[in-house]
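Side chains are part of it too, since the values below use all heavy atoms of this structure and drop only hydrogens, waters and symmetry mates. Positions are given from 1 along the sequence. All ligand and atom numbering here is 1-based and tracks the order in the structure.
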Amino acid sequence: MKKLIPVFYLIMALAIISCGSNPYAKTNRLHKKQAKAYGKQLQQFPTPENQKESALNYGDYWVGTTNFNLRKPNYVVIHHTAQDSLGQTLTTFTLPRTQVSSHYVIAKNGEIFHMLNDYYRAWHGGIGKWGNNTDLNSSSLGIEIDNNGKEEFTDLQINSLIELLKEIKEKYSIPDENFIGHSDIAPSRKVDPNANFPWKRLAEEGFGLWYDEAEVENLKLEAEFFKPNPLAINLNSRLNTRIPFIDKLVFPEVIPADFNVENALKIIGFNTSDLEAAKSAFKLHFIQEDLNQPFGKHDLKVLYQLHKKYL
Ligand SMILES: [Zn+2]
């Protein structure tokens, strides 16, 4: 009998370990229950019986088409979690009272937690707008990257993210320019992902757009282009001859004096109802430095070059 006692404990321990191997078993049951309820909703047919309450002039009988499938996501919105640990984020997304979630969470070691079927609507975007789209949650996948909001993203995270994006992009045919950040769609509320996020590298892989650096170098503001020639001023200050500013063999492209920053931001997709917030969001995504400085010449040139890619 004495020999049996350790065996009994061993069996008990194994049972506890196997039952407890997924610490989210309880909330997973809640998830499945909700998914089942939404499944039922999808199976409701628009029959005349169901339409009795409506004042609309429906036909006498129901004709269900045989040709359909599920709606697909067409945007990807990237976030940083702004939390201190992966565990904290997973807990936040499994507590009903928080009312926030995302489809994917990427851990610092590159592990991906796929928390919600892509065809469901996660609650990651909140109030936001991109172009004329005012319900990004309905048309996007949300990807949260474990990051406290200030730190660098790990290489493992970015590599995993890129692999995930490749899969998503191909599966749902998402256009390059529809890979955006939370701050892009909610400029006055959000600053994620932070300025360490490698948007340029992502754009090189086909996720999001980036400006052409050589073309930006070659841009001149109209005021710069027609600046007075110092030699001419010295020789004949009264005439103050104005000649074109030429310092390269390549003729510079001139940004017209009436170039409209607000319209260019709108063309890219930003909501400009708070113009200063939209400018800051643009800088966070495409400039990523001197974020506290006012919108300067370089920012203007990048905006000018970039907005043409969205025309
Ligand atoms: Zn976010």
N/O donor to acceptor pairs below 3.5 angstrom from side-chain atoms of residues 62-71, sequence neighbours left out:
unit_1, atom_1, unit_2, atom_2, d
T65, OG1, N67, N, 3.1

Quiz prompt | Every N, O or S from the protein that is nearer than 2.8 Å to the Zn ion (ligand 1) | solution = H79 ND1, H182 ND1, D192 OD2
Quiz item: If you look at every heavy atom in W130 and I185, which pair is closest and at what distance?
Solution: CB-CG2, 3.8 Å
Quiz item: Between A122 and H103, what is the shortest heavy-atom contact and its length?
Solution: CB-CE1, 3.4 Å
Exercise. With side-chain hydrogen bond (donor to acceptor under 3.5 Å, both in side chains) as the test, would you mind laying out the steps for T94 and H31 before giving the verdict?
Key: CA-CA 9 Å; T94 48; H31 180 111; over 6 Å; no
Quiz item: Do you see a donor-acceptor pair shorter than 3.5 Å between the side chains of S139 and N133?
Solution: yes
Practice problem: Determine whether the side chains of Q83 and T92 contain a donor N or O and an acceptor N or O closer than 3.5 Å. | Solution: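 Their side chains do contain a donor-acceptor pair, which is all the 3.5 Å distance test asks for.
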